[in-house]
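Have a look at the structure below, then the notes.
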Amino acid sequence: MTSNSNKDEKPHHFSSSNESTGDSLLSKWAEPSPNWLKAIEEWNWLWKAHVHGFGGLFVLVALYAIMCCIASRKTVLTQHRARRTVMNFILLVAGFLRSLILFWDPYASSSDTTDMQLLFCIISWGISTACITSSFSIMLLIFLETTKTSLGPAHFKNLPCLLSITLVNVVYLLMSDLVVWFHHEAKVMIFTCHVTFAVWGLAVSVGYSVAGIRMWRNLKSSLGRTFFNRALDRDLRRLKRLFILMCWASCVGIFKFSLSLYNAIGEYGVFSDIGYVKSWPWFAVQSSLRLLEFLMCFFIFLIAFRNGKNNSHTNPEICSNELNQRQHLESNVPN
């Protein structure tokens, strides 16, 4: 996204607008960007690989989200259907908006970007970021409910609360983008928005690890001494894979939101005094963010799939009871 101009340079948001409107206040944005003409020439084929590669990946996210919405009508229990449907719909919006901007006008880098096109890119990009964070949070909620794992205050563990938080964040994002668009000195609103999303995402990412560890401990305590004698059991293998996925998702989320926080407070943030940022570091940061965002979506889909079509296979108490019953029956089988 672009920045205030230096005395000699006047870069804009993701990119610059038309030269005829380049000096207009409405064409400027608070965050710095590279000198697009020079940067794209330096990146050469890597720029097209970045744009088309990640654009294609987010198209896949949107298409798979549509498939999950359709499939959940038949394969998911009614009590979890609403949560999964909302989560998949939010991922659909995120994938659609990300791919739209990347294919249409990536980071508003086109030399003929208009003011309204720039504003649309800014708002759409922010909404898709909020959608990815929200879907990541909803997946954690679904996991906590299906595994009967306790984590955090009770009022944070319901869908209406999470959706309310997301809606408030999106409304604030829209408001801050519009205010800064007309009043550049209010850029602290953008900073607050970015930091809030990053901190919320980090808290949810840590929650993935904590929830996975608690699920595993609950299972070990339920099975007692027989836990390590059941390592090859199908249900235990399923829970172990789910635990590993939760830890990987946590790591990806922590890396992603830590990088987002660095973006907000570092040289790519709204309070940066530089004009144009260095092209290669910017490219590396943005490529890392897009990769981590896609991996977050990937792990959301994978955990939702592994979490089971019903919670009898992911609830440690039910699983342990089934395993104990199975052991009891096997022990009573005559030789």
Side-chain angles (χ1 to χ4, degrees), residues 1-16 27-40 42-43 46-47 50-51 54 94 98 101-102 106-109 118 121-133 136 169 172-173 175-177 179-181 183-206 250-296:
M1 303 187 160
T2 84
S3 138
N4 270 337
S5 55
N6 285 341
K7 293 180 179 179
D8 300 321
E9 297 175 311
K10 295 181 180 180
H12 312 292
H13 166 68
F14 287 102
S15 134
S16 60
S27 298
K28 299 177 182 179
W29 192 240
E31 296 166 283
S33 68
N35 183 324
W36 290 110
L37 292 178
K38 295 180 180 179
I40 293 176
E42 289 179 6
W43 296 329
L46 286 175
W47 172 244
H50 174 99
V51 170
F54 287 115
R98 275 288 194 265
I101 300 302
L102 286 171
Y107 308 99
S109 58
L118 173 60
C121 288
I122 293 167
I123 293 176
S124 299
W125 198 263
I127 290 176
S128 60
T129 299
C131 287
I132 293 174
T133 306
F136 200 56
N169 284 332
Y172 179 79
L173 182 150
M175 182 178 67
S176 60
D177 284 345
V179 170
V180 175
W181 181 257
H183 303 282
H184 195 73
E185 64 276 9
K187 57 187 179 181
V188 66
M189 296 179 68
I190 299 293
F191 175 79
T192 303
C193 185
H194 289 178
V195 171
T196 300
F197 272 119
V199 172
W200 173 256
L202 283 171
V204 173
S205 300
V206 173
S250 176
C251 292
V252 169
I254 289 173
F255 279 123
K256 190 274 176 189
F257 291 109
S258 296
L259 192 54
S260 296
L261 188 60
Y262 165 76
N263 251 7
I265 64 179
E267 63 179 306
Y268 304 116
V270 295
F271 294 116
S272 175
D273 294 329
I274 61 177
Y276 292 119
V277 298
K278 295 180 180 179
S279 57
W280 283 107
W282 183 93
F283 184 82
V285 169
Q286 295 303 320
S287 297
S288 299
L289 284 171
R290 299 297 82 76
L291 177 60
L292 291 169
E293 287 168 352
F294 172 74
L295 288 176
M296 283 175 62

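Only this structure's heavy atoms are used, side chains among them; waters, hydrogens and symmetry mates stay out.
Pro32 approaches Glu267 most closely through the heavy-atom pair CG-O, 3.3 Å. When every heavy atom of Pro34 is checked against every heavy atom of Val277, the shortest pair comes out as N-CG2, 3.5 Å. The two residues Val180 and Lys187 make their nearest non-hydrogen contact at CG2-CA, 3.8 Å.
To the nearest 0.5 Å, the span separating CZ on Arg98 from CZ on Phe54 amounts to 11.0 Å. In this structure, CG in Leu259 is found 6.0 Å from OG in Ser288, a value given to the nearest 0.5 Å. A distance of 10.0 Å separates CG of Leu118 from CD1 of Ile123, quoted to the nearest 0.5 Å. Rounding to the nearest 0.5 angstrom, the gap separating the CG atom in Asn263 from the CD atom in Gln286 is 6.0 Å. Here the straight-line distance linking atom NZ of Lys278 with atom OH of Tyr268 works out to 8.5 Å at 0.5 Å rounding. Between the OG atom of Ser250 and the CG atom of Leu202 there is a distance of 9.5 Å, given to the nearest 0.5 Å.
Under a 3.5 Å cut-off, the side chain of Ser176 and the backbone N or O of Leu173 do form a donor-acceptor pair. With hydrogens and angles ignored, the 3.5 Å screen pairs no side-chain donor or acceptor of Tyr172 with any backbone N or O of Cys193.
Classified by interplanar angle (parallel below 30°, tilted 30° to 60°, perpendicular above 60°), the ring pair Trp47/Phe283 is tilted. Classified by interplanar angle (parallel below 30°, tilted 30° to 60°, perpendicular above 60°), the ring pair Trp282/Trp36 is perpendicular.
Residues passing the side chain to side chain contact (heavy atoms under 4.5 Å, CB included) test with Phe255, sequence neighbours excluded: Leu292. Ser287 pairs by the side chain to side chain donor-acceptor pair (under 3.5 Å) definition with His50, not counting sequence neighbours. For Asn169, the side chain to side chain contact (heavy atoms under 4.5 Å, CB included) test picks out Ile165, Thr196, Phe197, with sequence neighbours left out. In this view, Thr133 satisfies the side chain to side chain donor-acceptor pair (under 3.5 Å) rule with no residue, not counting sequence neighbours. With sequence neighbours excluded, the residues that form a side chain to side chain donor-acceptor pair (under 3.5 Å) with Ser260 are Lys256. Under the side chain to side chain donor-acceptor pair (under 3.5 Å) criterion, Ser205 pairs with no residue, sequence neighbours left out.
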Stepwise, does the side chain to side chain contact (heavy atoms under 4.5 Å, CB included) test hold for Phe257 with Val199?
CA-CA 7 Å; Phe257 291 109; Val199 172; over 6 Å; no

Audit row: Met189, Met175, side chain to side chain contact (heavy atoms under 4.5 Å, CB included) steps and yes/no
CA-CA 9 Å; Met189 296 179 68; Met175 182 178 67; 4.0 Å; yes

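Between Trp125 and Leu102 the shortest side-chain heavy-atom distance falls below 4.5 Å.
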